[in-house]
Enquirer: 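Submitted below is the structure of interest, expressed as structure tokens.
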2 protein chains.
Amino acid sequence: MNPTIHDVAKQANVSISTVSRVFNNPDSVGKEMRERVLQVIEELGYAPNPFASGLRDNRSMVIVAMIPDIRNSYYAEMLSGIEEVALSKRYNVIICNTIQNEERFLEYVKYFVKKKVDGLIFASTEITEFYKKNFDALNIPVVLASTEGRAWDLPSVRVDDVQASYDATTFLINNGHQEIGFISGPSHLLVPNVQRYEGYRKAMQDHQVPVSEQHVVYAEMTFDAGYEAMSRLYAKMPHLTAVYAASDAMAIGAMKFLHEQGLEVPRHVSVMGFDNLELSRMISPGLTTVAQNIYEIGKSAGELLFQGIENRDQDLQSVTIAHEIIVRGTVRNRRLKSDSER
Amino acid sequence: MNPTIHDVAKQANVSISTVSRVFNNPDSVGKEMRERVLQVIEELGYAPNPFASGLRDNRSMVIVAMIPDIRNSYYAEMLSGIEEVALSKRYNVIICNTIQNEERFLEYVKYFVKKKVDGLIFASTEITEFYKKNFDALNIPVVLASTEGRAWDLPSVRVDDVQASYDATTFLINNGHQEIGFISGPSHLLVPNVQRYEGYRKAMQDHQVPVSEQHVVYAEMTFDAGYEAMSRLYAKMPHLTAVYAASDAMAIGAMKFLHEQGLEVPRHVSVMGFDNLELSRMISPGLTTVAQNIYEIGKSAGELLFQGIENRDQDLQSVTIAHEIIVRGTVRNRRLKSDSER
DNA sequence: CAGCGCTCAGAAAACGTTTTCTTGCTGAGA
DNA sequence: TCTCAGCAAGAAAACGTTTTCTGAGCGCTG
């Protein structure tokens, strides 16, 4: 078995209180004693038993990351950022695939109450009163990642979706496109779809490009749904020159549909995505898209959470992460004559 | 604060021993008492404090999944399977991005000794004596996922790489290909690369197709490395009609190179991958590949681990997961005349 | 020189379980 | 009727910390 604080105390000929103090508040113990204890600790390879400390002061050194699906590389990337900062703080991360499922969520929450996790990063879905109530009951710091929290007074880390979407749309307009269709996420998922829709619409209007519900279709934010959504959009807008999809997965699904219709990207139709997933650069041509620095979102969320853990009554400030247009090969510049003649 | 076992005991007018027994060994307590206690438990929403139980019997109800990189969808998928069975056993999973880094590995291992995790699933790299020694020191059940363990007497869950690779190569041969290049993973990573190489070579030989080192290039198993490896392979084998890559990421990288060279897939060159990543079906044309049921690997590894946790001295039997050829659009059948005339 | 306060270290309580040991009671067999 | 076995429930110890309380020793001040 591992050495305990008693073993160290006996070996160093001090009391266990002294050993504990050496660990937690070294300045409060005299130099010679401290050094003797330190040496024995080293010698025996002593480390405090986390169960005992946990029992004593209800800290588990564990945080929880709640995400919809770890198989989605967006969340995997985010998790990677969270994990990085947790490791540096000597915390562990436990992951929860909520699968957008309230029952499963509850299952986990019930669990955390017992486990006394020290903090929670939530990246799953729209926050409803249901979630908010459960968070409150948990009574630990909560940080939202890539989802909205202002209405519920929860700190969040995310990109400015309105602005990012505005920039993406403007990019298409600046490349000479006017007939720009928009594949939105499902409208019932408020975040981030309202924001991305708003950014798209605002950009169109600001540049005097006509826009209406005729330009928009709604779908789940997946590859398959994007494929299917593109067929609907194409039926509504047979003359579109560009498609802007609210996620890369949808954009790539849309590209597959266009490809099957014999429409070349970007010669006949330009495509713009959102997310900058790893795979966006793997396809040919590479997908032009809006990059969220997802890793950074995870990292910031982690840092924010630890702020809250280390200083329980501090108010946490939401953070906005910068976005960036990544230009690859799926948008054609219609303003270049040579290009349009190709 | 949460109700304790004492609260329950007082409320139900029994001793705490009885309450504990109701939880852990219900049959040993009389019916009426049991029911009274059960009711109070329900009423108060009591649940045992895991620190206290952990302190008492050194069980954490936590298992660890060690993987190279959660951002790699292969491992994300595997993790998803692990997580599923852990949840059903009411265990938590903590993840460790080892990043193929021994120092980082040690950092984690040191941690687990303290945390007293109950089991470990290792999916990182080739097992060396270094790892094996650390596993032994941990003194908990260890299961290997998608890596080899026989030499070290560790149970593993994986596909039969030799057979799978044999099948993939045979598929290409049966489609009329003879000049088949092979993009292997780096030779220093023995598993699974020796096996896949062996399967390829064996299939070629069994079908009387000439094969030599001229047909093979080595690269890291990533998209970028696959791109670069394809350029080397193409230089060595300008007349190849098919490429078989030991991972989908490499295969897709290779496709990008071919595309840039003006070579169409599958018209000029056929491509076959290995893994069946999510993104393999997203590209156009869809990648023909060998499917590992990765989720199943994770799930089986989890189940095997829990066998070991629940029965410590049982010998765990390694498990082989079935593989399958997924036919999509990147392999042309050269035996069909109409096809070759297109 | 006496008394006061301050510093540093030890004693002990508390955290919430699980499980062994003990005890009291019931029922059966002699 | 007495004794012994068996069973059900309670008492108590143990797991390893952290922290508050206590007390000893010492230096400074009046």
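Convention: sequence-line order gives letters A, B, ...; per-chain numbering from 1.
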Enquirer: Which nucleotide wins on minimum distance to the side chain of Ser20(B), given the candidates dG16(C), dT18(D), dT18(C)?
Expert: dT18(C)

Enquirer: Within this structure, what is the NZ-to-C1' distance between Lys31(B) and dA9(D), rounded to whole angstrom?
Expert: 18 Å

Enquirer: Looking only at side-chain atoms of Arg56(B), point me to the closest of dA9(C), dA14(D), dG10(D).
Expert: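 Looking only at heavy atoms from C-beta outward on Arg56(B), the closest nucleotide is dA14(D).
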
Enquirer: Would you kindly give the CZ-to-P distance between Arg34(A) and dT7(C), to the nearest whole Å?
Expert: 16 Å

Enquirer: Between the base of dA11(D) and the side chain of Ser17(B), is there any donor-acceptor pair under 3.5 Å?
Expert: yes

Enquirer: Given atom CG of Asp27(B) and atom P of dA9(D), what is their separation to the nearest angstrom?
Expert: 12 Å

Enquirer: Send over the distance from Asn49(B) CG to dT18(C) C1', rounded to a whole Å.
Expert: 13 Å

Enquirer: Side chain of Met33(B) only, heavy atoms from C-beta on: which candidate in dA9(C), dA9(D), dT19(D) is closest?
Expert: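 The listed nucleotide nearest to Met33(B)'s side chain is dA9(D).
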
Enquirer: Any side-chain donor paired with an acceptor under 3.5 Å for Ser20(B) and Ser17(B)?
Expert: no

Enquirer: Of all the nucleotides listed (dA9(D), dT17(C), dG16(D)), which has the minimum atom distance to the side chain of Pro48(B)?
Expert: dT17(C)

Enquirer: For the pair made of CG in Leu55(A) and C1' in dG16(C), what is the distance, rounded to whole Å?
Expert: 6 Å

Enquirer: For Asp7(A) and dT17(D), give me the distance from atom CG to atom C1', rounded to whole Å.
Expert: 13 Å

Enquirer: Check whether any side-chain N or O of Asn24(A) sits under 4.0 Å from OP1 or OP2 of dT18(D), and answer yes or no.
Expert: yes

Enquirer: With salt bridge (Lys or Arg N to Asp or Glu O under 4.0 Å) as the criterion, how do Arg104(B) and Glu84(A) come out once you've worked through the C-alpha distance, each side chain's angles and the decisive distance to 0.1 Å?
Expert: CA-CA 11 Å; Arg104(B) 210 170 152 114; Glu84(A) 182 68 37; 3.7 Å; yes

Enquirer: Evaluate the ring planes of Phe51(B) and Phe51(A), with Trp represented by its six-membered ring, and classify them as parallel (under 30°), tilted (30 to 60°) or perpendicular (over 60°).
Expert: tilted

Enquirer: Please report, rounded to the nearest Å, how far the C1' atom of dG10(D) is from the NE2 atom of His6(B).
Expert: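 After rounding, the gap between these two atoms is 12 Å.
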
Enquirer: Mapping Glu32(B) and Asp57(A) to their closest nucleotides on DNA chain D, which lands nearer the 5' end?
Expert: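 Whichever sits nearer the 5' end wins; that is Glu32(B).
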
Enquirer: Check every strand shown and say whether Thr4(A) touches a base, only sugar-phosphate, or nothing at a heavy-atom separation below 4.0 Å.
Expert: sugar-phosphate

Enquirer: Starting at the 5' end of DNA chain C and moving along, which residue's nearest nucleotide shows up first, Ser28(A) or Ile16(A)?
Expert: Ser28(A)

Enquirer: Can you tell me which nucleotide in dT17(C), dT18(D), dA11(D) comes closest to the side chain of Ser15(B)?
Expert: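 Closest nucleotide to the Ser15(B) side chain: dA11(D).
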
Enquirer: Suppose we call a contact any N or O donor and acceptor under 3.5 Å apart; does that hold for the side chain of Arg21(B) and the base of dG10(D)?
Expert: yes

Enquirer: Using a heavy-atom cut-off of under 4.0 Å over every strand shown, decide if Thr18(A) touches base, sugar-phosphate, or nothing.
Expert: sugar-phosphate

Enquirer: Please state whether the rings of Phe122(B) and Phe135(B) are parallel, tilted or perpendicular, taking 30° and 60° as the class boundaries.
Expert: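 Perpendicular, since the angle between the ring planes exceeds 60°.
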
Enquirer: Taking NZ, NE, NH1 and NH2 as the nitrogens, is one of them in Arg59(A) or Asp57(A) under 4.0 Å from a carboxylate oxygen of the other?
Expert: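 A salt bridge is absent here (no side-chain N lies under 4.0 Å from a carboxylate O).
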
Enquirer: Within this structure, what is the CZ-to-C1' distance between Arg36(A) and dG10(C), rounded to whole angstrom?
Expert: 13 Å

